Amino acid sequence: MIALVDCNNFFASCERLFRPDIKNLPVLVLSNNDGCVVARSNEVKELGIPMGVPYFKIRDIVKRNNVQCFSSNFALYSNMSQRILGVLERHAPQIEVYSIDEAFMELAQLPQQDFFKWGEALRKEIQTDIGMPVSVGIAPTKTLAKLASAYAKKHKQTCLINPESDKKSYEEILSQTPVGHIWGVGWKREPQFKQVGIRNALQLANVSEAWIHSKMGITGTRMLRELQGFTAYPFEEEKVPQKTLMASRSFGHTVKNTHDLEAAVATFASQAAYRLRKHEQAAALFGVYLKYKTKDGQIKGQSAATRLVTSTNNTTELVHTALQLMYELYDEDYGYKKAGVFANHLSSANVCQVDLFDAISPDVKEKQKSFMQAIDSINQRYGSETIHIGSIDPGSTKWHALKKRMSPAYTTDWNQLPELHSLK
DNA sequence: TCTGGGGTCCTAGGACCC
DNA sequence: TCTGGGGTCCTAGGACCC
């Protein structure tokens, strides 16, 4: 059996942790640049504010209902995620982290056989220790565990699905699950299923393998088998290395000159290089993406990429490459709205293919490596921009995203620790 | 005026190999 | 006159996830 532990309204719940005064108020969290809604407390959901809606469209309803809005604060969210993971580790030895707010847990090796009791104990411990509300779903496959956790969220207690031992409740829960809520059915498939009369998960679980294959290919066959209780997506404890990486941001203001655009692109390239080093990976293909508005008002995107002679995660090399590509794309007539870099064909930094004709000798490469390590450890200790590449002018802030409603980094910055005042 | 930022997998078709 | 059968790798686009 596999458990899925899913945090309820994760970002919104994180914002509440250090703000008891907003415990009962509607809370929502906005995407980068305060653009659109990415998390909602239950009260916000009840107000009918949908996921992903642009902020300007809901400004009135926010004001009328005293909705508390926050810019996204990833320092806080990732730290809370780590803390919750710490609690999970005490309850089961094997954990697969699926996203910042969800994890699968393998229960096969657990001595405890009363899974409902186990789930309730875990849920209460996370609530007590961290203050985070979570839902626990337990089932023989990941797809069913996802379904169970959604049901658990609705009914506020751990949900167990097992088609073998309790067919009745399996059918009951699946019949109450709208087809669009199944893991793997998105905006495109949902209307297609509804058109042929499939409205809930139970109906989908009873179609033939040939039929689903004709509609969705191998992905559909897997989904069907998972719904029926047969594993198609096995539990994966070991972290598989990433295959691609991206660092991009929408700008707070339109950027026209190369100075600001350079600062932005160099920042993204540095971030990408740092993330590569952190995962001990190197990129063989590196590219730049720019989004802009033309003179006649059209929004367009352009990208350029280049194959690197030798895979690398060196900041100076990647920034240099990125700026070259940026200048290839740059047009002074455009107003730039967003930029980003991407790294593809990633491989382990330790087993990199070397190039016979590479101009940089192995001992210079070694020196560059220690140089990067030195920078990383200084930046880790004193803040991420303590040492940065020259093209990043810290005074160039025009491109910085708008974050007007950011909460403090309560748990990751000494200067932003919450203060307690005695009422004496 | 104002709409995020990451990822994964699958499929089809082209180019190429023996 | 008749023209096979088996592969790989790459890319773009679609669909999905959080």
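Hydrogens, waters and symmetry mates are skipped; everything else that's a heavy atom, side chains included, is used. A quick note: this is a predicted structure, and the numbers were derived from the prediction, not measured. Convention: sequence-line order gives letters A, B, ...; per-chain numbering from 1.
Within the 4.5 Å cutoff, the side chain of A:K57 has heavy atoms near those of the A:P54 side chain. The shortest distance between side-chain heavy atoms of A:L346 and A:T244 does not fall below 4.5 Å. Between A:F116 and A:I138 there is no side-chain heavy-atom pair separated by less than 4.5 Å.
The distance between the ring centers of A:F193 and A:W187 does not fall below 6.0 angstrom.
Of the residues in residues 192-229 of chain A, those placing a heavy atom less than 4.0 Å from an atom of DNA chain B are A:I218, A:T219, A:R222, in numerical order. The stretch residues 53-60 of chain A comes close to DNA chain B through A:P54, A:F56, A:K57, A:R59, each having a heavy atom under 4.0 Å from the strand. Residues of residues 241-258 of chain A having a heavy atom closer than 4.0 Å to DNA chain B, listed by number: A:Q242, A:K243, A:T244, A:L245, A:M246, A:A247, A:S248, A:R249, A:S250.
Residue A:I182 is in sugar-phosphate contact alone, with no base atom involved, counting any heavy-atom pair closer than 4.0 Å across all strands shown. Contacts of A:D34 with the nucleic acid, taken as non-hydrogen atoms under 4.0 Å apart, are absent.
Close to C:dG13, at under 4.0 Å from its OP1 or OP2, lies no side-chain N or O of A:K188. Taking side-chain N and O atoms only, A:K338 has a distance below 4.0 Å to OP1 or OP2 of B:dG5. A close approach under 4.0 Å does occur between a side-chain nitrogen or oxygen of A:W187 and OP1 or OP2 of C:dC16.
Residue A:K146 contributes atom NZ, which lies 9 Å from atom P of C:dC17 at whole-angstrom precision. Atom pair A:Y77:OH and C:dC18:C1' shows a separation of 15 Å (rounding to whole Å applied). For the pair A:Y289 OH and C:dA12 P, the interatomic distance rounds to 15 Å; values are reported in whole Å. Residue A:I100 contributes atom CD1, which lies 19 Å from atom P of B:dG4 at whole-angstrom precision. Between A:N33 atom CG and B:dG6 atom P the separation is 12 Å, expressed in whole Å. What separates OH of A:Y233 from C1' of C:dC18 is a distance of 16 Å, to the nearest Å. C:dA12 atom P lies 10 Å from atom CG of A:N344, rounded to whole Å. The separation between A:E190 atom CD and C:dA15 atom P is 15 Å, rounded to whole Å.
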Base-pair map of DNA chain B as dot-bracket, where | denotes pairing with a different strand and pairs are Watson-Crick or G-U under 3.5 Å
....||||||||||||||
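Seen from the ring of A:F104, A:K142 counts as a face-on cation partner, given the 6.0 Å and 45° thresholds.
Between A:Y170 atom OH and A:N162 atom CG the span is 10.5 Å, to the nearest 0.5 Å. Here NZ of A:K154 is found 12.5 Å from OG of A:S149. Values are rounded to the nearest 0.5 Å. Here A:L28 contributes atom CG and A:M51 contributes atom CE; the two are 10.5 Å apart, rounded to the nearest 0.5 Å. From A:T141, atom OG1 reaches atom CG of A:L227 across 7.0 Å, with rounding to the nearest 0.5 Å. Put simply, CE on A:M105 and CD on A:E237 are 11.0 Å apart, with the number rounded to the nearest 0.5 Å.
Between A:E43 and A:R16 there is a salt bridge, since at least one side-chain N of the basic residue sits less than 4.0 Å from a carboxylate O of the acidic one.
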I'd like to know whether A:E262 forms a side-chain hydrogen bond (donor to acceptor under 3.5 Å, both in side chains) with A:S391, so could you lay out the CA-CA distance, the side-chain angles of the two residues, the decisive distance to 0.1 Å, and finally the verdict.
CA-CA 7 Å; A:E262 246 193 40; A:S391 352; 4.9 Å; no
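When every heavy atom of A:E125 is checked against every heavy atom of A:V87, the shortest pair comes out as OE2-CG1, 3.7 Å.
The aromatic rings of A:H155 and A:Y151 lie parallel to each other, their planes meeting at an angle below 30°, with 60° marking the opposite boundary.
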Which pairs would a plain distance check flag for residues 1-11 of chain A, meaning a side-chain donor or acceptor within less than 3.5 Å of a matching protein atom at least two apart in sequence or in another chain?
{"unit_1": "A:N8", "atom_1": "OD1", "unit_2": "A:S135", "atom_2": "OG", "d": "2.7"}
{"unit_1": "A:N9", "atom_1": "OD1", "unit_2": "A:K45", "atom_2": "NZ", "d": "2.7"}
{"unit_1": "A:N9", "atom_1": "ND2", "unit_2": "A:N42", "atom_2": "OD1", "d": "3.2"}

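Considering only the side chain of A:S99, C:dC18 comes nearest among C:dC18, B:dT3, B:dC2. The side chain of A:R189 lies closest to C:dC16, out of C:dC18, C:dC16, B:dG5.
Taking the P atoms as reference points, B:dT3 lies 25 Å from C:dC18, given to the whole Å.
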Considering only nitrogen or oxygen atoms on both sides, find all protein atoms under 3.5 Å from nucleotides 7-11 of chain C and state each distance.
none

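Checking side-chain atoms of A:N65 against main-chain N and O of A:I61 turns up a donor-acceptor pair under 3.5 Å. Of the possible polar contacts, one joining the A:N206 side chain to the A:L202 backbone as a donor-acceptor pair under 3.5 Å is found.
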